[in-house]
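Shown next, in structure tokens, is the structure this report addresses.
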Amino acid sequence: AGLASNPTPSADSGPQMDVPSGWKEKAPSAMVVKSYTVTGSNGGEATVSISSFPGDVGGRLENVRRWQRQLGQPEVDEANLKTASQDFQTPSATGYKVDFDGTDVRTGKPVHLVAVAVPHDGNTWFYKLLGDKATVEDSKAAFLKFVKNVRY
């Protein structure tokens, strides 16, 4: 069951973010509020993208499945949801995160994804770190700290 329509991102004035040094802001694409390029020590690249949508956008199971589809992975069922995603605590809410290897279905390249969904004030904020496996692994701790420290 997919979404009936493509929701429009809601940015409002946006949360306050402490962007790690080395992240380079780039023009956001459709449905993305902010976007950054991260370059790894191996020269590989990853992208950080931040989106916000009204409601829960289908809920945890559907969002985890959407990320799995983006990486060409089989979709998790309800019984295995807690294995595929973990709770993620921020000062304002409990969200959830995923950490997957896969293949970018658009480019065919191997990638690694760390994504976090955080509910806030009737919206869900999505934070994604996607790209070269080594770059994502090197950047994961800074990315998760970044998400945890966002002030809404």
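Everything quoted here is computed from the prediction, not taken from an experiment.
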Do the side chain of [X] and the main chain of [Y] share a donor and acceptor less than 3.5 angstrom apart?
X: K34; Y: P28; value: no
X: Q89; Y: A93; value: yes
X: E78; Y: L61; value: no

Point to revise | Note: D87-R60 ion pair, threshold 4.0 Å (strictly below) | key: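 Between R60 and D87 there is a salt bridge, with a charged N closer than 4.0 Å to a carboxylate O.
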Check your understanding: Do R151 and D18 sit within salt-bridge range, that is, some charged N less than 4.0 Å from a carboxylate O?
Key ->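 Salt bridge: yes.
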Exercise for review: Describe, in one word, how the ring planes of Y96 and W67 are oriented to each other, choosing from parallel (under 30°), tilted (30 to 60°) and perpendicular (over 60°).
Suggested key: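 Rings of Y96 and W67: tilted, as their planes differ by 30° to 60°.
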Practice item. Going by the side chain to side chain contact (heavy atoms under 4.5 Å, CB included) test, name the single residue among T39, D132, L130, V136 that passes it with E45. Key: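 Looking at T39, D132, L130, V136, the match for E45 under the side chain to side chain contact (heavy atoms under 4.5 Å, CB included) is T39.
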Review point. So, N63 versus R66: side-chain donor-acceptor pair below 3.5 Å or not?
Key: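 Yes, a side-chain donor-acceptor pair sits under 3.5 Å.
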**Study point:** Neighbour count >12 (heavy atoms, 6.0 Å) for atom CZ, R106
**Key:**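 Not buried by this count: 12 neighbours or fewer within 6.0 Å.
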Point to revise | Distance, nearest 0.5 Å, that separates CD1 of I50 from CE of M17 | key: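 The CE atom of M17 is 4.0 Å from CD1 of I50, to the nearest 0.5 Å.
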Review point. Out of curiosity, T90 OG1 to W125 CH2, how far, rounded to the nearest 0.5 Å?
Key: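 Going from the OG1 atom of T90 to the CH2 atom of W125 covers 13.0 Å.
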**Study point:** Side chain proximity check, V147 to F88, heavy atoms < 4.5 angstrom
**Key:**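 Of all side-chain heavy-atom pairs linking F88 with V147, at least one is under 4.5 Å.
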Check your understanding: Between F143 and Y36, is any pair of side-chain heavy atoms under 4.5 Å apart?
Key ->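 No, too far: nothing below the 4.5 Å cut-off.
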Check your understanding: Can you name the nearest heavy-atom pair linking V38 to T135, along with the distance?
Key ->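 Result for this residue pair: O-CG2, 3.7 Å.
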Review point. Are V48 and V19 joined in one hydrophobic group, where the rule is that I, L, V, M, F, W and Y side chains link up if heavy atoms are under 4.5 Å apart?
Key: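 Looking at the clustering, V19 is in the same group as V48.
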